[in-house]
Amino acid sequence: MNVPSSFISAPPELSWKSVVTATILRGVGVRHTRHTCLPLLLVFPIPTGTVNVYLRNCCGLLKLVLNLEAGVCVRRCAGQVEAHMPRGGGGAGSSSGSKGAAPLGKQDAFNEAQTAMRAQVIGPFENHGQCKLSMVNVTATADMKCTIDLKTVVMRARNAEYNPKRFSACIIRLINKNEPKATALVFKTGKVVVTGSRSNASVDYACKTFARILSKLDNGSGGPSHKINFDLERDRRVQNMVATTDVGFPIRLEGLVASNQGCFCNYEPELFPGLIYRMKDPKICFLIFVSGKVVLTGAKSAQQLEDGFKKMYPTLCQFKKATVLLQTSATARTANAAASASASTDSSSEPARKKTKT
DNA sequence: CACATATAAAAGGTCA
DNA sequence: TGACCTTTTATATGTG
């Protein structure tokens, strides 16, 4: 990496479009913390593989020439120079005044975004208590039907980061408060993985928004940089859905795993406190916890989630704990400890005491 | 408080 | 060829 430390004056061509933050990752040689975030200005166009970075401080601007291939992650914000951690508490850029990542503008689009912001709730179902499934994550793939220059994307799109040394996709996040949160992994082939949506409507909105963002990136001379040809129905496929629910009573996981003799179940509390139950039809994986909370994942549709839960519910009832305590985590933990203590008196098998971690 | 453990799923690059 | 990387999300334990 080439890091000349000469101070220069601000280049006249700097505009809000040029404002970015850059994240210097471990191994680049600047710092050895995992992420060292610097408030930076970045100027483009850039020579292949490098970015010219202008760090603003009280003395003026410090020019750095960083090599993208050397582990530099560049992130562009929405008009404000600011440093932020990649996994920190959001809030980056995008004040309401500037255009959001996908300002469809029309009232319809606004309404669509507002609708998409609501988490999808399935149920309650008859004869299943008052259980409702809350969808917490939807993963989908979208095909933009054209190759994409990821360096252009990271330079031009808001809230984009790209570190080819770390991962081969460019990551774009929707963090506008007026639209549903979502994250896209954009690959150079034009394939996009969208995660973080909380409903079908939300993932559809996110796919359309990412397609629009990519299609509107300009090539530096006013024209579009990519010929995006995305059709929602044709090119979007939901790949995974995660939902959570609470059956409202504690569950005897030891009993549940014993009754299934390991054919569906895997329960190793030393490794992970949840029981893992893999249902074959529909193909859904359940994480079942003593507290009565249940996580469902692996589904391709809301219908599969519903079918799987309805099929699972009687089994959960079967292994309902006799002693029902109040549902605070502290009391649940106490109840669990008490239950395992009493279990140890009548069953000497107790694999839990062994700290054999393989 | 951050991170590890575990679950599903896709993408495409890298490495043994 | 398969394992890993990365992203997201709920869940709940333990460790530093």
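Atom set for the values below is all heavy atoms of this structure, side chains included, hydrogens, waters and symmetry mates excluded.
Across all strands shown, A:Leu287 has heavy atoms under 4.0 Å from base atoms, whether or not it also approaches the sugar-phosphate. Here A:Thr189 lies in heavy-atom contact (under 4.0 Å) with sugar-phosphate atoms only. Across all strands shown, A:Lys181 has no heavy atoms under 4.0 Å from either base or sugar-phosphate atoms. Residue A:Leu185 is in base contact, counting any heavy-atom pair closer than 4.0 Å across all strands shown. The residue A:Thr141 sits close only to the backbone: its heavy atoms come under 4.0 Å of sugar-phosphate atoms, none of a base. Residue-level contact check: A:Arg278 touches the backbone only, with heavy atoms under 4.0 Å from sugar-phosphate atoms and none from bases.
Taking 4.0 angstrom as the limit, A:Thr183 places a side-chain polar atom (N or O) nearer than this to OP1 or OP2 of C:dT8. Phosphate contact (OP1/OP2 of C:dA12, side-chain N/O of A:Ser291, threshold under 4.0 Å): present. When the side-chain nitrogen and oxygen atoms of A:Arg166 are compared with OP1 and OP2 of C:dT6, one or more of them lie within a distance under 4.0 Å. Listed pair A:Lys165 / B:dT14 fails the phosphate criterion, with no side-chain N or O lying under 4.0 Å from OP1 or OP2. Not one side-chain nitrogen or oxygen of A:Thr139 sits closer than 4.0 Å to the OP1 or OP2 atom of C:dT8. Using a 4.0 Å cut-off, some side-chain N or O of A:Arg173 falls inside it from OP1 or OP2 of C:dT8.
Evaluation of A:Phe187 against the base of B:dA11 yields no stacking contact (centre distance < 5.5 Å, interplanar angle < 30° required).
When the nearest nucleotides of DNA chain B are assigned to A:Gly190 and A:Gly298 by heavy-atom distance, the more 5′-ward of the two goes with A:Gly298. Nearer the 5' end of DNA chain B, as judged by each residue's closest nucleotide, is the contact made by A:Pro273, out of A:Lys283 and A:Pro273.
A:Gln239 has its CD atom 15 Å from the C1' atom of B:dG12, to the nearest Å. The nearest whole Å value for the distance from the CG atom in A:Asn163 to the P atom in B:dG12 is 19 Å. Distance A:Ile288 CD1 to C:dT13 P: 14 Å, rounded to the nearest Å. Put simply, CD on A:Gln120 is 17 Å from C1' on C:dT8, counting in whole angstrom units. If you take CD1 of A:Ile284 and P of B:dA8, they are 12 Å apart, rounded to a whole angstrom. In this structure, A:Tyr162 atom OH and B:dG13 atom C1' are separated by 10 Å, rounded to whole Å. Between the P atom of C:dA10 and the CG atom of A:Asp246 lies a distance of 15 Å, rounded to the nearest Å. When the P atom of C:dT13 is taken as reference, atom CG of A:Leu271 falls 14 Å away, rounded to whole Å.
The side chain to side chain donor-acceptor pair (under 3.5 Å) contacts involving residues 183-195 of chain A comprise nothing, where partners must be two or more places apart or lie in separate chains.
With a 4.5 Å cut-off on side-chain heavy atoms, A:Phe319 and A:Leu253 do not count as touching. Side chains of A:Leu296 and A:Leu133 form a contact here, defined as non-hydrogen atoms less than 4.5 Å apart. Under the 4.5 Å side-chain criterion, counting only non-hydrogen atoms from C-beta, A:Asp231 is in contact with A:Glu233. Contact check for A:Asp281 versus A:Lys311: side-chain heavy atoms found under the 4.5 Å cut-off.
Distances were taken from every side-chain heavy atom of A:Thr244 (C-beta onward) to each of B:dA9, B:dG12, C:dA10; the shortest belongs to C:dA10. Among the nucleotides C:dT9, B:dA11, B:dG13, the one closest to any side-chain atom of A:Asn137 is C:dT9. Here B:dA6 is the nucleotide among B:dG13, B:dA6, C:dT9 with the atom lying nearest to any side-chain atom of A:Phe272. Which of C:dC5, B:dA8, C:dT7 sits closest to the side chain of A:Val242 comes down to B:dA8. Of all nucleotides listed (C:dA12, B:dT7, C:dA10), C:dA10 comes nearest to the side chain of A:Arg198.
Among A:Lys310, A:Gln304, A:Gln303, the one residue that satisfies the side-chain hydrogen bond (donor to acceptor under 3.5 Å, both in side chains) test with A:Asp307 is A:Gln303.
Using a 30° and 60° split on the angle between ring planes, A:His128 and A:Phe309 fall in the tilted class, from 30° to 60°.
At a cut-off of 3.5 angstrom, the base of B:dA8 holds at least one donor-acceptor pair with the side chain of A:Thr297.
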